[in-house]
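Computed from a prediction, not measured in an experiment: that's the story for all the values here.
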Amino acid sequence: MPTAAPLLIRRACLPDGRQDIDLLAEGGRIAAVGPGLAAPPGAEIVEAGGWMLSPPFVDAHFHMDATLSLGLPRLNESGTLLEGIRLWGELKPLLTEEAIAGRALAYCDWAVARGLLAIRTHVDVCDDRLLAVRALLEVRRRVAPWIDLQLVAFPQDGLLRSPTALANLDRALDLGVDVVGGIPHFERTMADGAESVRLLCELAARRGLPVDMHCDESDDPLSRHVETLACQAQRLGLQGRVTGSHLTSMHSMDNYYVSKLIPLLAEAQVHVVANPLINIMLQGRHDTYPKRRGMTRVPELLAAGIHVAFGHDCVMDPWYGLGSGDMLEVASMGLHVAQMSSLAGQRQCFDAVTCGAARVLGLQGYGLEPGCRADFLLLQARSPAEAIRLRAQRLLVVRAGAIVSRMAPATAELSLGGRSARVDFTSRPTGSPPTP
């Protein structure tokens with residue numbers, strides 16, 4: 001991507017509450033942040049008008065090999081996780097590299113327009129042809145100027161349950177896949193699940209790679225593979241390089257056991273990814289009422305100092321027929337399900353799709369400080385809470401100091417009985433308290 005001319009954003013606010021701040025991007029990096037910056041010769045100047053600058057959105061958990069395949073070869077009629085897995089098994093023999101890549105590239109366009117510039121995607125390695133792996137390696141190469149795409153080698157059918165999964169996972173890592181994945185709760189027995197965690201963590205340690213494992217995506221409170229994951233992380237010196245994704249069984253666990261489990265995760269420095277949209281859609285399907293929603297214990301994990309991120313997980317695929325790549329929708333659902341309605345909680349949900357997710361992915365040079373990469377958004381909002389409330393327009397999306405996407409501000413023109421008015425959903429009546 002060619003180096004962009006200097007870009008100066010004037011009079012923006014920042015997520016930490018600072019107002020009337022300028023940001024200067026030069027040479028693909030943030031050169032300065034502060035009030036009243038001088039524009040260098042030839043700089044493009046954008047008046048922010050008080051709207052909020054944000055680092056780009058980060059999706060910590062996605063399945064790009066399946067995205068936009070909704071209805072192929074049929075729809076998920078039960079809406080369950082297990083039918084989705086069966087459906088994916090039916091679709092795999094029909095896949096081609098071209099079709100996987102085409103859908104993934106279309107989704108990446110959606111992502112850039114939504115300000116989503118970093119994605120960790122799991123890719124199924126249980127197809128001996130490794131079609132999805134090869135397709136997404138090519139997609140990663142093609143979108144690198146705009147999106148940081150991390151690939152996780154994911155044995156969807158179970159590492160030990162699928163006879164060639166371990167060999168295929170090794171092959172995928174040899175081809176350049178970034179992260180070791182797993183799905184212990186889908187093995188035939190609890191013992192096999194624990195053994196798969198051990199094997200995969202040892203493989204990651206030998207190769208010097210991080211681990212991101214689907215863990216305990218179940219309503220079963222006895223699905224406790226994340227405990228084994230934390231143990232292996234400590235045994236092998238993988239602290240800070242291991243992520244447990246989903247952890248939905250924690251929603252149903254006994255509180256006493258959780259009071260032991262969360263400190264173990266913190267001690268092992270295991271990161272956690274919740275997927276609010278998909279967790280609440282797939283879990284609790286065997287309940288009558290009260291019906292469990294299945295998302296893991298996000299506030300309690302955060303209170304223990306554990307890094308928590310949110311993922312979109314699925315968009316229009318065998319597991320979930322909705323979605324658009326909007327991480328603010330994900331943050332909003334997480335906020336509601338976890339009842340994180342305080343101002344601090346709303347900010348934590350915004351962090352879970354920005355800075356917190358960047359920490360889980362280990363992104364370097366991410367943020368709004370001088371020296372960081374010049375990747376940022378201008379949102380039509382004045383605070384993180386307002387951005388979530390309104391699913392704020394991405395007025396500008398900037399990558400390496402170049403504007404790669406623009407949106408018009410969201411307003412409505414009213415004509416009501418001879419009275420004309422413009423509706424700006426961020427405005428408040430005179431005398432209202434300031435935006436938090």
Side-chain angles (χ1 to χ4, degrees), residues 15 54-64 67 107 110-111 114-122 147-150 152 179 212-217 226 243-248 250-251 265 270-283 293-315 317 319-320 322-342 344-363 366 377 379 384-385 387-392 394:
S54 167
F57 295 120
V58 178
D59 186 348
H61 187 106
F62 195 62
H63 290 267
M64 196 172 284
T67 196
Y107 183 78
W110 292 13
R114 298 285 195 186
L116 172 54
L117 302 186
I119 302 171
R120 175 177 281 182
T121 179
H122 297 250
I147 296 176
D148 295 311
L149 189 60
Q150 293 184 1
V152 183
V179 182
D212 190 334
M213 207 167 288
H214 287 59
C215 233
D216 307 321
E217 189 181 3
V226 71
T243 299
S245 289
H246 291 292
L247 309 193
T248 61
M250 196 183 294
H251 181 91
L265 299 181
V270 172
H271 309 317
V272 172
V273 178
N275 299 290
L277 294 168
I278 314 306
N279 294 155
I280 70 162
M281 182 65 79
L282 296 180
Q283 303 308 311
R293 294 291 70 190
M295 194 171 81
T296 196
R297 303 189 186 203
V298 172
E300 293 81 1
L301 291 163
L302 287 166
I306 293 169
H307 293 157
V308 178
F310 290 163
H312 205 312
D313 198 5
C314 305
V315 170
D317 69 9
W319 294 272
Y320 185 68
L322 304 171
S324 66
D326 187 349
M327 295 307 294
L328 287 174
E329 181 183 12
V330 176
S332 177
M333 186 59 74
L335 186 160
H336 284 84
V337 177
Q339 298 181 325
M340 296 173 69
S341 56
S342 69
Q346 293 181 59
R347 174 58 192 267
Q348 287 175 316
C349 289
F350 188 82
D351 285 348
V353 296
T354 52
C355 301
R359 285 192 293 270
V360 169
L361 268 61
L363 297 181
Y366 177 95
L377 319 174
L379 300 176
I388 294 173
R389 178 176 72 85
L390 297 175
R391 316 291 197 277
R394 286 67 162 169

Undergrad: Under a 3.5 Å distance rule, please check whether Tyr320 uses its side chain to pair with a backbone N or O of Leu282 as donor and acceptor.
TA: no
Undergrad: With sequence neighbours excluded, tell me which residues meet salt bridge (Lys or Arg N to Asp or Glu O under 4.0 Å) with Asp148.
TA: Arg373, Arg399
Undergrad: With under 30° as parallel and over 60° as perpendicular, where do the rings of His122 and His61 fit, or are they tilted in between?
TA: tilted
Undergrad: Kindly indicate, with the supporting measurements, whether the criterion salt bridge (Lys or Arg N to Asp or Glu O under 4.0 Å) is fulfilled by Asp212 and Arg120.
TA: CA-CA 10 Å; Asp212 190 334; Arg120 175 177 281 182; 3.0 Å; yes
Undergrad: Walk me through it: do Arg114 and Leu377 pass the test side chain to side chain contact (heavy atoms under 4.5 Å, CB included)?
TA: CA-CA 9 Å; Arg114 298 285 195 186; Leu377 319 174; over 6 Å; no
Undergrad: Determine the minimum heavy-atom distance between Leu328 and Ala392, stating which atoms define it.
TA: CD1-N, 3.5 Å
Undergrad: Do the non-hydrogen side-chain atoms of Asp351 and His307 ever get within less than 4.5 Å of each other?
TA: no
Undergrad: Work out which heavy atom in Gly244 is nearest to a heavy atom in Leu247; give both atom names and the distance.
TA: O-CG, 3.9 Å
Undergrad: With a 4.5 Å limit on heavy-atom distance, are the side chains of Arg347 and Pro15 in contact?
TA: yes
Undergrad: If I compare all heavy atoms of Gly323 with all of His312, which pair ends up nearest, and what's the gap?
TA: CA-CE1, 3.8 Å
Undergrad: What's the separation between atom CG in Asp326 and atom CZ in Arg391, rounded to the nearest 0.5 Å?
TA: 7.0 Å
Undergrad: Residues two or more places apart in sequence or in another chain: which of them pass salt bridge (Lys or Arg N to Asp or Glu O under 4.0 Å) with Asp216?
TA: none
Undergrad: For Arg293, what residues pass the salt bridge (Lys or Arg N to Asp or Glu O under 4.0 Å) criterion, not counting sequence neighbours?
TA: none
Undergrad: Rounded to the nearest 0.5 Å, what's the gap from CG on Asp313 to OG1 on Thr121? Could you check?
TA: 9.5 Å
Undergrad: Rounded to the nearest 0.5 Å, what separates atom CG in Leu301 from atom NE2 in His271?
TA: 13.0 Å
Undergrad: Quick one: pull up CG in Leu277 and CZ in Phe310 and give me the separation to the nearest 0.5 Å.
TA: 10.0 Å
Undergrad: Minimum heavy-atom separation for Ala60 to Ala309, with atom names?
TA: CB-CB, 3.7 Å
Undergrad: Between CZ of Arg359 and SG of Cys355, what distance do you get to the nearest 0.5 Å?
TA: 6.5 Å
Undergrad: Scan Thr243, Asp59, Val308, Leu361 and name whichever one has a side chain to side chain contact (heavy atoms under 4.5 Å, CB included) with Val273.
TA: Thr243
Undergrad: Start with the C-alpha gap between Met250 and Leu265, add the side-chain angles, then the distance that decides, and say whether side chain to side chain contact (heavy atoms under 4.5 Å, CB included) holds.
TA: CA-CA 12 Å; Met250 196 183 294; Leu265 299 181; 4.1 Å; yes
Undergrad: Of all the heavy-atom pairs spanning Tyr107 and Leu116, show the shortest one and how long it is.
TA: OH-CD2, 4.1 Å
Undergrad: Can you see which heavy atom on Pro299 is nearest to which on Met340, and at what distance?
TA: CG-CG, 3.9 Å
Undergrad: Any luck finding a side-chain donor-acceptor pair between Asn279 and Thr296 under 3.5 Å?
TA: no
Undergrad: Walk me through whether Phe350 and Phe57 qualify under side chain to side chain contact (heavy atoms under 4.5 Å, CB included).
TA: CA-CA 9 Å; Phe350 188 82; Phe57 295 120; 4.1 Å; yes
Undergrad: For residues Leu149 and Ile119, determine if any side-chain heavy atom of one lies less than 4.5 Å from a side-chain heavy atom of the other.
TA: yes
Undergrad: Find the distance between CD1 (Ile278) and NE2 (His63) and round it off to the nearest 0.5 Å.
TA: 9.0 Å
Undergrad: Would a distance-only check, ignoring hydrogens and angles, find a side-chain to backbone donor-acceptor pair under 3.5 Å from His251 to Met295?
TA: yes
